[in-house]
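The structure appears right after this line, and notes come after that.
Throughout, protein chains are lettered first and strands after them, A, B, ... in sequence-line order, and every chain is numbered starting at 1.
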Amino acid sequence: MFYPFLSDRTIKKVGVEASGLGLYSGKHAATLLMGKPGVLHGSKSYLLQNKFGQVNVAHSISAGLDYPGVGPEHSYLKDTKQVTYTTVTDDEAVHAFELLCKYEGIIPALESAHALAAAVSAIRLLSKNESVIVNLSGRGDKDMDIIADYYKNSSKHL
Amino acid sequence: MNRITATINSLHSKGAKAFIPFITAGYPDIKTTPLLVETLEKAGASIVELGMPFSDPLADGPTIQSSSFEAIRNGTTPDAVFDCIRTIRETSEIPIILFTYTNLILRYEINRFMKRLSSSGGDGLLVPDLPIEEAQLFIKRAHEHNLRMIFLISPLTLPQRMKKIEKMSDDFVYCVSITGVTGKRKQLFERIKPYLQTVSATVSKPFVVGFGVSNRDDARKIAALSDGVVVGSAIINIIKENKNDANLLKNVRKFVLNIYRGLSYY
């Protein structure tokens, strides 16, 4: 998603990580923000780990983000400050998931719902003639059981 | 001379096979590890492979994985493993190869890790998730501290690459018997015979075979086509079955000695 826009400095690039139950809850997958460089599964990138190099267990409501590492390309884009990285919690992601379902009839993947949540808050600070592109990277029908569990275990309703 | 080099040379000149048992340091606890190493040595080990437990041991099957997790839970840090090697060295000269993963070395810092391993009395290391393309600095620092680095080939390694890996591997090459993780396999020898013949025809350094070797019969047959075997999960299983038993060391000795006797025909 970022690559075609990297050469244009007038476009602000924002990446969104999963902060799960909160950045200080011990249950998140905010690897770029909270991790340190390390090697896992054959790639060197930011990694959630303890001081000995043992890998921490990650958490996110989104299965695709529930990983203690992150792609080396994101690590590079962070280090070279070409992309700004921010975080979104499980609750915020599900809220954004609801919005897209209700207003557009599109079920987004929970991974993409993190980007949507960040976009919704960013848009409030923008002027009317500025545009936002969200990478809707996948579909949410695969996440229906997770969403069902989420509502079953919380007092909220869609 | 480095203890691994000396042992491999001596075995090679006698035409004898290397017997390399593996155990996870800190399993069942760090105080028992030196006693287990002593037991392995007395039961015929030529070299001992000592696992430094890692949270994500991607080369290891369920047996070694769970021993690693238990070792980490009971406080087996890298420093605890180094101290353990130092304790072993008070009474033993058996060559010790540390089996660990790249991230633990990076976090400790490569030079500091090698220095500490060497000063504790370790002789070399084997890092299954370190490809040869990324290994230059590790090898350089290891050699500066008189440590040997062993590299692995697998059934998916093409002969051309086997030669490259052989060149970078000190003293001998570790031949992974099968694709997949460590742990017992049925009819191992029959499955890997053609592969061992390819390795034998390609590699001129001694090579030992590990992963899945779990009994005397497989060990004996595999040793006939190679320069030795590594046995890990099968020993960890014996330790697991006997960990609360006063006869732990005795039963480990019995099991290991039986495999060793299969090899000592050569």
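- Heavy atoms of other residues, nucleotides or ligands lying less than 6.0 angstrom from CD of A:Glu130 number more than 12.
- Within a 6.0 Å sphere centred on NZ of A:Lys27, heavy atoms belonging to other residues, nucleotides or ligands number 12 at most.
- Chain A is approached within less than 4.5 Å, heavy atom to heavy atom, by B:Arg107, B:Asp129 from residues 107-134 of chain B, ordered by number.
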Residues B:Asn103, A:Leu40; criterion side-chain contact (heavy atoms from CB on, under 4.5 Å); working and verdict: CA-CA 7 Å; B:Asn103 201 51; A:Leu40 177 66; over 6 Å; no
Yes or no on side-chain contact (heavy atoms from CB on, under 4.5 Å) for A:Phe52 and B:Asp79, after CA distance, side-chain angles and deciding distance? CA-CA 9 Å; A:Phe52 303 113; B:Asp79 278 331; 5.8 Å; no
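- At most 12 heavy atoms of other shown residues, nucleotides or ligands fall within 6.0 angstrom of atom NZ in B:Lys167.
- For A:Glu73, the CD atom counts as loosely surrounded, since its 6.0 Å shell holds 12 or fewer non-hydrogen atoms of other residues, nucleotides or ligands.
- At most 12 non-hydrogen atoms from other residues, nucleotides or ligands lie less than 6.0 angstrom from NE2 of A:His95.
- Only the backbone of A:Asn50 comes within contact range of chain B, with at least one heavy atom under 4.5 Å from a heavy atom of that chain.
- The residue among A:Gln49, A:Lys51, A:His41 with the most heavy atom pairs within less than 4.5 Å of chain B is A:Gln49.
- The stretch residues 63-78 of chain B places B:Ile72, B:Thr77, B:Pro78 near chain A, each with some heavy atom under 4.5 Å from a heavy atom of that chain.
- Both the backbone and the side chain of B:Leu104 come within less than 4.5 Å of a heavy atom in chain A.
- Under a 3.5 Å cut-off, the side chain of B:Ser55 and the backbone N or O of A:Val55 do form a donor-acceptor pair.
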